[in-house]
Amino acid sequence: MKERRVRVRFAPSPTGPLHMGGVRTALYNYLFAKKHNGDFLLRIEDTDQTRYVSGAEEYIVDALNWCQMSIDEGASVGGENGPYRQSERKPMYKQYADQLIESGSAYYAFDTPEELTEMRERMKAAGVSSPQYNAITRSGMKNSLTLPAEEVQRRLLANEKHVIRIKMPRNEDVKFEDIIRGWVSVNTNNIDDKVLFKSDGMPTYHLANVVDDYLMNISHVIRGEEWLPSAPLHVLLYQSLGWAEQMPKFAHLPLILKPDGNGKLSKRDGDRLGFPVFPTNWTNPETGEESSGYRERGYYPEAFNNMLAFLGWNPGTTQELFSMQELVEAFSLDRVGKAGAKFDFDKTNWFNQQYLRMQGGEQLAPQLKPFLASAQLEAEDSYIAQVCELMKERATFVQDILKEGRYFFEAPTSYDEKTIKKKWKEQTPEIIKELRDLLAALPSFDAESIGACFKAFLEAKELGFGAVMPGFRVSVTGLGAGASMNDIAALLGKEEVLNRIDIALKTIKK
RNA sequence: GGUCCGUUCGUCUAGGGGUUAGGACUCAUGGUUUUCAUCCAUGCAACAGGGGUUCGAAUCCCCUACGGACUACCA
């Protein structure tokens, strides 16, 4: 049998920013597509006009972009199967709804919202916990199954408000094989007569989704587990429309759970727990409320992707650091777990730290520059690169290099109190002064010479490291801890170091 | 409530009949370091419970418990 070309879609609805769970779904789709040399489409599911949020679609495209998932087909890039916004595909759906009516798989329903709630309440009162519009209840409602044909015609011609519902068969087992979960079987008695076509002329998710996946020749539907319960309905739709042969394979992904308590990670968990849930910053256009994103917090998209990929998937080896290309090569849906994964912020930071460290000082320098600029500090590129190289081991984000090593770019304006209190003894000024003069006489001011000089000084004076080093460090950096003083001093240069010592000796008072 | 899906260290997970149940993050301890971080080493720590099947079950089956998703003219 000829293999079908792999075509997958990520199909968010533009009701707000994408959150991590959505990004991971997109990522798995992307990885799967690329692994099989297939296509990754972005389809905007905006059939609910009342929930449309302006800027959300742009946000989604931008976020995907930042995460380095290139879109093969979509509204932002075009393609042969467009349009890629369901609102723009509106005229395409009606015929399929009509087809379902003609084949007897669907029917018109004229019930008003009030009548529907009335029915539900009546059922509840009768002891039915979750009332459904189904094979039983539909006989008591106003629809083309109960109303005389002439009246249905009359109402239709009069343009009376109506929806189209699927006629869910009675007592049939719908089975399908999910790539992640295996065979899933649901009896149709448990599924209601879902609305396929709304009274506003738009299809619901279910119809639009199936029609579009068919028309766009989607081979695999990879989506969140929240869709598992409606998958049987979709399967039925493919069958009723005569598309059983073209039905895509399904893979329902486990959910990403809140790190605390229970439940799936939601948009509202945002900054509540001290970490972003969004890939990039988002400002709610209605309320002006701001939510922080990984990009702006200083995370690398590679680290973010790597972390996300491992939330529910693993390569089966002990390798944890994967470039996008490696992820593509290693990815397989077989290795996606079934159970939900709690998000772990510590691990996310660890990934970022690893990615930071892989880079050389020259790579890091341009990243640090904007932070220097906004702190109104400046330095030569090669100097910044050296600072980065020296400091990267102790940073999680590039900006940490500035945070931890501000003294590389300006003389300390204050001195760490704890260190002064504990280490700045009565004789310290005198010792530091002597060391200063020794350093001043050094012909070559490199780390090695400084180290040698320092050591010789200790030996001559019969002093321990602890008696000299903290004073030296705090004088030059203002801090009690940090990178090797030899390296720091060498980088700063002789003049600057001597200068700082002089100032410190004048300034520091016990 | 109903339907469906799930359950291995605190967290992410490996493992699919015979393993001292492995790795990673976190944490703790020790070593390296003038210090902090890094790095290295070590440690803490798990098969939800009960029944089967089997010579043998974390692994297969059933039940229970717990968790989750869904239950709209939202996706």
Side-chain angles (χ1 to χ4, degrees), chain A residues 11-15 45-48 50-51 86 109 111-113 116-117 120 124 127-133 161-165 178 180-182 184-187 189-192 194-206 208-209 223-232 252 254-255 257 259 262-264 307 310-321 335 337-351 353 357 391-396 400 404 419 423 451 454-455 458 464-470 472-474 479-486:
Chain A
S13 69
T15 55
E45 310 233 322
D46 54 350
T47 51
D48 186 356
T50 63
R51 292 214 307 163
Q86 290 183 331
D111 315 279
T112 64
L116 287 171
T117 42
R120 291 194 178 107
K124 264 186 189 162
V128 179
S129 55
S130 57
Q132 293 185 326
Y133 202 117
K161 281 221 161 201
H162 65 275
V163 300
I164 296 175
R165 285 179 183 274
D178 187 279
I180 293 170
R181 280 149 222 288
V184 176
S185 171
V186 179
N187 188 282
N189 289 355
N190 296 314
I191 315 175
D192 59 349
K194 282 264 182 298
V195 171
L196 301 177
F197 207 81
K198 302 186 269 190
S199 60
D200 65 359
M202 282 293 253
T204 58
Y205 167 83
H206 305 292
N209 190 259
R223 71 222 313 188
E225 193 186 355
E226 68 268 29
W227 293 110
L228 194 51
S230 48
H252 289 94
L255 268 11
L257 276 14
N262 307 309
K264 72 170 170 177
M307 175 278 292
F310 270 71
L311 228 42
W313 170 85
N314 75 82
T317 66
T318 54
Q319 183 183 348
E320 294 206 82
L321 265 14
R335 296 206 62 88
K338 299 184 202 325
K342 279 190 181 171
F343 172 65
D344 184 355
F345 192 48
D346 285 330
K347 192 85 183 223
T348 308
N349 289 334
W350 178 81
F351 274 113
Q353 193 181 32
R357 247 179 243 170
M391 297 297 286
K392 69 176 185 184
E393 295 289 295
R394 57 196 70 226
T396 299
D400 290 347
E404 306 282 316
T419 311
K423 305 287 183 180
F454 192 90
K455 224 167 186 178
L458 292 187
F465 270 105
V468 188
M469 189 56 86
F472 182 33
R473 178 185 296 283
V474 80
L479 302 176
S484 154
M485 268 317 286
N486 299 339

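The sequence lines fix the lettering, A, B, ..., with proteins before strands; numbering per chain opens at 1.
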In plain terms, say whether A:R51 and A:D48 are close enough for a salt bridge, that is, a side-chain N and a carboxylate O under 4.0 Å apart.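 Yes, charged N to carboxylate O under 4.0 Å.
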
If the [atom1] atom of [N] is compared with that of [M], how far apart are they to the nearest Å?
{"N": "B:rU7", "M": "B:rC12", "atom1": "C1'", "value": "15 Å"}
{"N": "B:rU13", "M": "B:rG50", "atom1": "C1'", "value": "27 Å"}
{"N": "B:rU33", "M": "B:rC40", "atom1": "C1'", "value": "12 Å"}

Side chain of A:Q319, backbone of A:L321: donor and acceptor closer than 3.5 Å?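 Side chain of A:Q319 to backbone of A:L321, a donor-acceptor pair under 3.5 Å: yes, one is there.
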
Treating A:K423 as the side-chain partner and A:V474 as the backbone partner, does any N or O pair qualify as donor plus acceptor under 3.5 Å?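 Side chain of A:K423 to backbone of A:V474: no pair is present.
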
Heavy atoms under 4.0 Å, any strand shown: does [X] hit a base, just sugar-phosphate, or nothing?
{"X": "A:G466", "result": "nothing"}
{"X": "A:G464", "result": "nothing"}
{"X": "A:M485", "result": "base"}

Length of the [atom1]-[atom2] vector between [X] and [N], whole Å:
{"X": "A:D344", "N": "B:rG23", "atom1": "CG", "atom2": "P", "answer": "18 Å"}
{"X": "A:D400", "N": "B:rU38", "atom1": "CG", "atom2": "P", "answer": "12 Å"}
{"X": "A:K347", "N": "B:rG23", "atom1": "NZ", "atom2": "P", "answer": "13 Å"}
{"X": "A:R335", "N": "B:rG23", "atom1": "CZ", "atom2": "P", "answer": "17 Å"}
{"X": "A:F310", "N": "B:rU11", "atom1": "CZ", "atom2": "P", "answer": "19 Å"}
{"X": "A:F345", "N": "B:rC12", "atom1": "CZ", "atom2": "P", "answer": "17 Å"}
{"X": "A:L311", "N": "B:rA24", "atom1": "CG", "atom2": "P", "answer": "19 Å"}
{"X": "A:N349", "N": "B:rA37", "atom1": "CG", "atom2": "P", "answer": "16 Å"}

Polar atoms only, N or O, under 3.5 Å: list the protein pairs with nucleotides 5-7 of chain B and their distances.
{"unit_1": "B:rC5", "atom_1": "O2'", "unit_2": "A:R181", "atom_2": "NH1", "d": "2.6"}
{"unit_1": "B:rC5", "atom_1": "O2'", "unit_2": "A:E225", "atom_2": "OE2", "d": "3.1"}

What orientation do A:W313 and A:F310 show, parallel under 30°, tilted 30 to 60°, or perpendicular over 60°?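 A:W313 vs A:F310 ring planes: perpendicular.
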
Closest listed nucleotide, where the reference is the side chain of A:R394 and the choices are B:rG2, B:rC36, B:rU34: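 Side chain of A:R394 sits closest to B:rC36.
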
Residue A:A341, side-chain atoms from C-beta onward, closest of B:rC12, B:rU3, B:rA14: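 Of B:rC12, B:rU3, B:rA14, B:rC12 is nearest to the side chain of A:A341.
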
Indicate syn or anti for B:rG16, taking the glycosidic torsion and treating anything within 90° of 0 as syn.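 What B:rG16 shows is a syn base, its glycosidic angle lying within 90° of 0.
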
Run the side chain to side chain contact (heavy atoms under 4.5 Å, CB included) check on A:F343 and A:T348 step by step: do they pass? CA-CA 9 Å; A:F343 172 65; A:T348 308; 3.3 Å; yes

Taking only the side-chain nitrogens and oxygens of A:N314, find out if one of them lies under 4.0 Å from OP1 or OP2 of B:rA14.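 Checking B:rA14 against A:N314, a side-chain N or O does come within under 4.0 Å of OP1 or OP2.
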
Within the modelled atom types, does a donor on one side and an acceptor on the other bring the side chain of A:R473 and the base of B:rU34 under 3.5 Å apart?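 Indeed there is one.
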
[Y] and [X], any side-chain heavy atoms less than 4.5 Å apart:
{"X": "A:F345", "Y": "A:M307", "answer": "no"}
{"X": "A:V163", "Y": "A:T204", "answer": "no"}
{"X": "A:E225", "Y": "A:R181", "answer": "yes"}
{"X": "A:H252", "Y": "A:V184", "answer": "no"}

Any strand counts, and the cut-off is 3.5 Å on both contacts for Watson-Crick or G-U wobble. Which nucleotide pairs with B:rA41?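 Base-paired to B:rU29.
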
Considering non-hydrogen atoms only, spot the tightest contact between A:T47 and A:Y205 and give its length.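 Where A:T47 meets A:Y205 most closely, the heavy atoms are OG1-N, 4.3 Å.
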
For RNA chain B, whose closest nucleotide is more 5', that of A:E393 or that of A:L255?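 The residue whose closest nucleotide sits nearer the 5' end is A:E393.
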
What string of B, S and - do you get for nucleotides 70-75 of chain B, 5' to 3', when a contact is any protein heavy atom under 4.0 Å? S--BBB

